[in-house]
Amino acid sequence: MPLNVHQFPCLSDNYGFLIRDEATGKVATIDTPDADAIQAELDKLGWTLDLILNTHWHPDHAGGNEALKKATGATIAGPAEVTRIAPLDRVLRGGDSILLGETRLDVIDSGGHTLGHIAYHDAKGGVAFVGDTLFALGCGRLFEGTAEQMWDSLSRVASLPDATTVYCAHEYTASNARFALSVDDDPALKARADQIFAARERGEPTVPTTIAAEKATNPFLRAPLLRPNAASPAEAFAEIRAAKDSFKG
Ligand code: ZN
Ligand code: FE
């Protein structure tokens, strides 16, 4: 049976994700941006939290660990770096997997935004939770890692099947689209950007996305095509990332 994914806005531009293994009723939260908001969603759904899965240590991802554990007794799993700010019961690394009931989530090393960032992939269900690694038309800032590390991480995520539904942790898509249009004039990007601006006008989320859509239009994944003279794909990526960091759109 598939995972039931419940997505809701949190803080100023985060998304919260509660996921339920339909076979067993086991429930996890992907990250803990806001303990009160997550608890309110659990109450609304009538779900009981069993597991907290962190992607990285940033406060808008692990800041609610302690309060939620206290309230629910849930087990917390995530990368070791989470202990910088929050409790952690089980350390996860790339190549590990963790069960939520009968659903197996494979752990992908996606360091770069933070050194220890990880993503979660339900291969059977075709669903991935990528935190602040890959965004719709964007990617996370390089706060801790190198461009090379982030390029490797993005390449691992991009190698998931095209049909994979990708849940990113922030609604940054409209500003990402404005930047993307400044470095890429591909018609598929223009068409997607129009859809994104219209969806945001209507107040609709642009998350989740898919691997296919990101491979076709995300300027960070398309960096080697957009910067053909760069010394390497990672260098091309570094150039696009640097351009985004100084973009005033
Ligand atoms: Zn972050
Ligand atoms: Fe974040």
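Just so you know, ligand 1 is whichever comes first in the structure, and atom 1 is the first atom listed for that ligand.
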Problem - Minimum-distance atom from the Fe ion (ligand 2) among N, O or S atoms of H170 - result: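 Going through the N, O and S atoms of H170 one by one, NE2 ends up nearest to the Fe ion (ligand 2).
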Practice task
For the Fe ion (ligand 2), find the closest N/O/S atom on D60 and give its atom name.
Solution key: OD2
Handout entry: SB check R104 D106 (cutoff 4.0 Å)
Key = yes
Practice task
State whether K69 and E66 are salt-bridged, where the test is any N-O pair (Lys NZ or Arg NE/NH1/NH2 against Asp/Glu carboxylate O) under 4.0 Å.
Solution key: no
Practice task
Restricting to N/O/S, name the atom of D132 that gets closest to the Zn ion (ligand 1).
Solution key: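 Relative to the Zn ion (ligand 1), the closest nitrogen, oxygen or sulfur of D132 carries the name OD2.
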Handout entry: Identity of the N, O or S atom of H58 lying closest to the Zn ion (ligand 1)
Key = ND1
Problem - Contact check, side chains of V183 and R227, non-hydrogen atoms, under 4.5 Å - result: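 Touching, per the 4.5 Å side-chain cut-off.
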Practice task
Could you grab the angle centred on the Fe ion (ligand 2), going from NE2 in H61 to OD2 in D132, to 10°?
Solution key: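 Centred on the Fe ion (ligand 2), the NE2/OD2 angle is 90° (to 10°).
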Exercise for the section: Output yes if H61 passes the N/O/S-under-2.8 Å test against the Zn ion (ligand 1); output no otherwise. Expected result: no
Problem - Test of ring centre spacing under 6.0 Å for F129 and Y167 - result: yes
Problem - Donor on one side chain, acceptor on other, D89 and T75, under 3.5 Å - result: no
